[in-house]
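Report on the structure given below.
Given the structure is predicted, the values throughout are model-derived calculations rather than measurements. Proteins get letters first, then strands, A, B, ... in listed order; numbering begins at 1 in each.
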There are 2 protein chains.
Amino acid sequence: MFSDLEAPLYEIKANLFKGLAHPVRIRVLEILAASPGQSCPVSALLEGTGLEASHLSQHLATLRRHRVVTSSRAANAVTYSLAHPMVAELLAIARTFLLDTLADSREQLAAARQLPAVGAR
Amino acid sequence: MFSDLEAPLYEIKANLFKGLAHPVRIRVLEILAASPGQSCPVSALLEGTGLEASHLSQHLATLRRHRVVTSSRAANAVTYSLAHPMVAELLAIARTFLLDTLADSREQLAAARQLPAVGAR
DNA sequence: TGACGATATGATGGATTCGTCAATCCATTC
DNA sequence: GAATGGATTGACGAATCCATCATATCGTCA
């Protein structure tokens with residue numbers, strides 16, 4: 001029952017990650033990060049993700065709530081932007097971490113496949 | 001129903017963040033990151049967090065499932081370590097991002113408080 | 001003004017996650 | 001090999017999150 005302004009930092013941090021913890025939201029952020037000015041209109045996001053408008057809009061709302069993106073209206077189109085370049089950095093680090101880790105587990109998997117098939121393993 | 005080895009990267013990434021999306025897990029990771037060798041025994045984590053053993057253990061299990069930490073047993077004490085230094089980096093970036101953002105919102109809050117109290121706002 | 005395109009909000013049932021308790025496993029020491 | 005201490009697993013109600021549908025808002029243009 002804290003507002004983010006007074007909660008201990010680890011709560012806030014957990015909350016940030018909760019905001020990122022959904023494939024749709026990751027895709028949106030990646031599209032934004034790759035767009036010029038790290039921002040693009042909802043219509044582009046709709047097209048990029050192939051989602052139904054209201055579904056996308058809900059996820060955009062949670063990204064907004066978590067202050068990861070900001071929105072602004074121009075005429076009757078709304079444009080979203082990353083709230084901070086560090087968001088992109090966060091994604092980039094997650095990416096290299098995962099590629100690294102996945103490489104490892106693929107190696108292990110390959111190694112395991114070389115073993116004789118003893119028992120139900 | 002993908003195993004992480006074949007899912008699209010944005011699913012895997014979302015999954016990673018889901019693994020980090022809990023205050024207890026963040027605290028654990030921070031303690032690990034600050035410990036020598038980025039690793040320490042469960043007993044220290046227990047003390048550091050003040051949690052009940054089984055509760056902590058469940059969160060350690062999810063961190064393991066997400067491959068963010070690794071565990072190893074020495075005698076009858078188990079030691080956990082960050083799976084990769086990049087995990088610490090992820091936390092560090094989240095931290096500076098949040099401090100930055102919080103500074104902004106505190107400013108806005110302070111500014112708002114200066115306004116006359118018009119209506120129910 | 002009123003109808004329309006673009007986006008946002010509310011409500012609902014189904015799935016996932018959380019915290020607590022009891023029970024279990026594993027290695028040591030007597 | 002029984003008992004003990006450290007750590008993990010299983011089970012279950014409570015809380016939270018997700019996808020879908022229906023409805024509402026905002027700005028524009030006729």
Side-chain angles (χ1 to χ4, degrees), chain A residues 1-4 7 10-29 31-32 39-81, chain B residues 1-4 7 10-29 31-32 39-81:
Chain A
M1 272 306 127
F2 289 118
S3 128
D4 271 5
Y10 58 83
E11 293 252 13
I12 306 182
K13 225 182 270 186
N15 223 39
L16 166 63
F17 289 126
K18 212 180 290 179
L20 303 178
H22 193 286
V24 167
R25 299 197 287 270
I26 295 290
R27 282 190 88 182
V28 167
L29 293 177
I31 293 175
L32 289 178
S39 69
C40 74
V42 172
S43 56
L45 295 173
L46 261 172
E47 186 174 352
T49 60
L51 291 173
E52 193 190 352
S54 89
H55 191 188
L56 174 62
S57 197
Q58 299 231 44
H59 284 290
L60 289 175
T62 85
L63 287 173
R64 247 185 295 127
R65 254 203 323 282
H66 288 271
R67 296 163 187 256
V68 173
V69 302
T70 59
S71 67
S72 72
R73 179 163 225 135
N76 68 7
V78 176
T79 295
Y80 278 83
S81 320
Chain B
M1 271 303 125
F2 288 119
S3 127
D4 273 4
Y10 58 82
E11 293 252 12
I12 306 183
K13 226 182 270 186
N15 223 39
L16 166 63
F17 289 126
K18 213 179 292 180
L20 302 179
H22 192 287
V24 167
R25 299 198 286 271
I26 295 291
R27 282 189 89 184
V28 167
L29 292 176
I31 293 176
L32 289 178
S39 69
C40 75
V42 173
S43 55
L45 295 173
L46 262 173
E47 187 174 353
T49 61
L51 291 174
E52 193 190 351
S54 89
H55 191 189
L56 173 62
S57 198
Q58 299 228 45
H59 285 291
L60 289 174
T62 86
L63 287 174
R64 249 184 294 128
R65 254 203 323 282
H66 288 272
R67 295 163 186 256
V68 173
V69 303
T70 59
S71 68
S72 72
R73 177 164 226 137
N76 69 6
V78 177
T79 295
Y80 280 82
S81 321

Please state how far atom [atom1] in [X] lies from atom [atom2] in [N], giving the value in whole angstrom units.
{"X": "A:Lys18", "N": "C:dT16", "atom1": "NZ", "atom2": "P", "value": "18 Å"}
{"X": "A:Leu60", "N": "C:dA6", "atom1": "CG", "atom2": "P", "value": "16 Å"}
{"X": "A:Glu47", "N": "C:dA6", "atom1": "CD", "atom2": "C1'", "value": "15 Å"}
{"X": "A:Leu56", "N": "C:dT9", "atom1": "CG", "atom2": "P", "value": "12 Å"}
{"X": "A:Glu11", "N": "C:dC18", "atom1": "CD", "atom2": "P", "value": "13 Å"}
{"X": "A:Phe17", "N": "D:dC17", "atom1": "CZ", "atom2": "P", "value": "17 Å"}
{"X": "A:Leu63", "N": "D:dC18", "atom1": "CG", "atom2": "C1'", "value": "14 Å"}
{"X": "A:Leu51", "N": "D:dC18", "atom1": "CG", "atom2": "P", "value": "13 Å"}

Tell me whether the side-chain N/O atoms of [X] come closer than 4.0 Å to OP1 or OP2 in [N].
{"X": "A:Tyr80", "N": "C:dA8", "answer": "yes"}
{"X": "A:His59", "N": "D:dC17", "answer": "no"}
{"X": "A:Arg73", "N": "D:dT28", "answer": "no"}
{"X": "A:Arg64", "N": "C:dT9", "answer": "yes"}
{"X": "B:Arg25", "N": "C:dT17", "answer": "no"}

Nearest-nucleotide pick for [X], side chain only, options being [options]:
{"X": "A:Gln58", "options": "D:dT8, C:dA6, C:dG10", "answer": "C:dG10"}
{"X": "B:Ala75", "options": "C:dT28, C:dG19, C:dT17", "answer": "C:dT28"}
{"X": "B:Val42", "options": "C:dC18, D:dT8, C:dT7", "answer": "D:dT8"}

**OP:** For A:Ser71 and A:Val78, work out which heavy atoms get closest and say how close.
**Re:** CB-CG1, 4.0 Å
Subject >> Shortest non-hydrogen separation from B:Leu45 to B:Leu60 and the atoms involved >> reply: CD1-CD2, 4.0 Å
Original post:
Which residue, A:His55 or B:Val24, contacts DNA chain C at a nucleotide closer to its 5' end, judged by nearest heavy atom?
Top reply: A:His55
Subject >> Expected output: side-chain A:His66 to main-chain A:Val68 donor-acceptor under 3.5 Å >> reply: no
Subject >> B:Arg25 side chain to B:Gly19 backbone, donor-acceptor under 3.5 Å >> reply: yes
Subject >> First encountered from the 5' end of DNA chain D, between A:Asn76 and A:Glu52 >> reply: A:Glu52
Original post:
If you look at every strand shown and take non-hydrogen atoms under 4.0 Å, does B:Ser54 touch a base, only sugar-phosphate, or nothing?
Top reply: base
**OP:** Select base, sugar-phosphate, or nothing to describe what B:Ala53 touches, counting heavy atoms under 4.0 Å on all strands.
**Re:** base
Subject >> Flag side-chain contact, heavy atom, 4.5 Å: A:Tyr80 against A:Leu63 >> reply: no
